[in-house]
**Q** 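So that we are looking at the same thing, I have put the structure below in structure tokens.
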Amino acid sequence: MILCEADFAIHGLVNYKLFGHSVWLTTTHVAMVIVTIVILIFAIAANRCMKKAKEVPTGFQNVVELIVEMLGKMVTTNMKQPKKFLNYIGTLFLFILICNLSGLLGLRGPTADYGVTLCLGLITFCMIQYNGIKCQKMGHFKALFEPIPLFFPINLIGEIATPISLSLRLFANMLAGTIIMALWYGIIPIFIAKLGIPAFLHAYLDLFSGCIQTYVFCMLTMVYVDDKM
């Protein structure tokens with residue numbers, strides 16, 4: 001029986017010095033570059049397609065309009081000022097979704113790296129605080145002492161926990177899928193691994209779970225930001 005070593009780690013590809021520190025270019029960076037290129041190609045193609053849009057959509061125009069309508073409906077349904085955040089939520093949704101689905105292309109999904117999901121969580125956290133201060137002024141800070149000043153530590157922890165919970169939820173779910181697939185391909189004999197079960201696992205762990213986690217992250221982002229407005 002032929003066995004391979006299960007490999008689900010982040011690997012350093014290129015090492016270089018920056019301000020006296022050793023910096024690695026990893027598989028996560030490569031995957032993120034590929035994802036970014038895919039999004040840019042799709043955006044350019046969609047832009048050109050819509051400039052020549054037909055009254056009765058066909059082919060690629062149908063796909064673009066379907067995505068725009070779906071994202072527009074999602075944001076409109078859950079936010080008081082949807083136009084303000086549609087571009088950000090739409091970009092966030094596409095980025096996380098393609099990162100989650102990149103496992104289908106043989107890449108190690110960037111969202112299985114906590115450094116990526118934490119940055120996404122911190123961006124959401126900054127948006128929450130910015131809109132809270134902009135819309136509520138001093139009431140944003142006053143809310144930390146409600147209903148009584150004794151609740152300040154609990155309210156503060158609740159605010160700080162937002163980006164951590166957002167990032168950990170996405171990271172943990174995608175890392176679990178990455179580990180399961182690595183174990184399957186690494187430990188199970190090659191002739192068995194080529195049967196239909198890997199396809200089923202990819203469909204669930206990459207496609208189904210990836211779509212669900214994308215929706216959950218974006219939905220929570222909208223809820224948290226909208227709650228401060």
Side-chain angles (χ1 to χ4, degrees), residues 7-14 24-53 57-75 85-124 127 166-167 169-182 185 198-222:
D7 184 10
F8 47 80
I10 300 170
H11 295 285
L13 302 176
V14 179
W24 282 94
L25 178 67
T26 69
T27 48
T28 297
H29 297 115
V30 173
M32 286 187 67
V33 169
I34 294 173
V35 168
T36 303
I37 291 173
V38 169
I39 293 175
L40 286 174
I41 292 173
F42 175 79
I44 293 171
N47 182 54
R48 290 183 176 179
C49 176
M50 295 313 295
K51 282 182 178 178
K52 302 175 182 178
T58 56
F60 186 61
Q61 184 181 336
N62 258 327
V63 176
V64 174
E65 290 188 5
L66 179 65
I67 293 174
V68 172
E69 287 176 7
M70 179 197 71
L71 293 174
K73 185 177 180 181
M74 183 178 73
V75 179
F85 301 96
L86 180 58
N87 289 338
Y88 171 71
I89 298 298
T91 304
L92 182 68
F93 188 95
L94 291 176
F95 176 76
I96 296 177
L97 180 62
I98 297 176
C99 282
N100 291 349
L101 299 182
S102 61
L104 296 172
L105 304 176
L107 299 173
R108 190 186 188 282
T111 43
D113 184 338
Y114 189 60
V116 175
T117 60
L118 179 60
C119 288
L120 294 174
L122 289 174
I123 292 172
T124 292
M127 287 189 66
L166 273 175
S167 56
R169 181 183 292 104
L170 178 59
F171 163 70
N173 279 281
M174 300 318 300
L175 180 63
T178 300
I179 291 175
I180 291 173
M181 292 311 306
Y185 284 116
F200 170 77
L201 291 176
H202 275 300
Y204 179 79
L205 297 173
D206 291 325
L207 187 59
F208 179 74
S209 181
C211 291
I212 291 295
Q213 293 307 316
T214 301
Y215 180 78
V216 169
F217 192 98
C218 291
M219 182 62 67
L220 290 175
T221 295
M222 289 187 288

**Q** Going by heavy atoms in the side chains, are I98 and F42 under 4.5 Å from each other?
**A** no
**Q** Within a strict 4.5 Å, meaning less than it, do heavy atoms of the L92 and L120 side chains meet?
**A** yes
**Q** Taking all non-hydrogen atoms of both residues into account, name the closest pair between L97 and C211 and its distance.
**A** CD1-SG, 3.7 Å
**Q** With a 4.5 Å limit on heavy-atom distance, are the side chains of V63 and I67 in contact?
**A** yes
**Q** If you measure from CZ on R108 to CG on D113, what distance do you get to the nearest 0.5 Å?
**A** 6.5 Å
**Q** Using side-chain heavy atoms (C-beta onward) and a distance below 4.5 Å, is L166 in contact with L170?
**A** no
**Q** When rounded to the nearest 0.5 angstrom, what distance separates CG in L71 from CG in L86?
**A** 7.0 Å
**Q** What's the spacing between I44 CD1 and C49 SG if we round to 0.5 Å?
**A** 14.0 Å
**Q** Which atom pair, heavy atoms only, marks the closest approach of P110 to S102?
**A** CD-OG, 3.6 Å
**Q** To the nearest 0.5 Å, what is the distance between CE (M127) and CD1 (I123)?
**A** 9.5 Å
**Q** Under 3.5 Å, is there a donor-acceptor pair between the side chain of N173 and the main chain of R169?
**A** yes
**Q** Are T91 and I39 side-chain neighbours, meaning at least one heavy-atom pair lies under 4.5 Å?
**A** no
**Q** Going by heavy atoms in the side chains, are K52 and Q61 under 4.5 Å from each other?
**A** no
**Q** At their closest point, which heavy atom of T117 faces which heavy atom of T111, and how far apart are they?
**A** CG2-O, 3.3 Å
**Q** If you round to the nearest 0.5 Å, how far is CG of L105 from CD1 of I34?
**A** 8.5 Å
**Q** Only counting residues at least two apart or in another chain, list the ones meeting ring pair (Phe, Tyr, Trp, His ring centres under 6.0 Å) with F171.
**A** Y114
**Q** Do the non-hydrogen side-chain atoms of Q213 and I96 ever get within less than 4.5 Å of each other?
**A** no
**Q** Determine, step by step, whether T124 and Y88 satisfy the side-chain contact (heavy atoms from CB on, under 4.5 Å) criterion, reporting the C-alpha distance in whole Å, the side-chain angles of both residues, the deciding distance to 0.1 Å, and the verdict.
**A** CA-CA 10 Å; T124 292; Y88 171 71; 3.8 Å; yes
**Q** Measure the OH-CZ distance between Y215 and F93 for me, rounded to the nearest 0.5 Å.
**A** 9.0 Å
**Q** Would you name the heavy atoms of M32 and V116 that are closest together and state the gap between them?
**A** SD-CG2, 3.6 Å
**Q** For a quick test of reading the model, state the closest non-hydrogen atom pair linking M74 to C218 and the distance between them.
**A** CE-CB, 4.3 Å
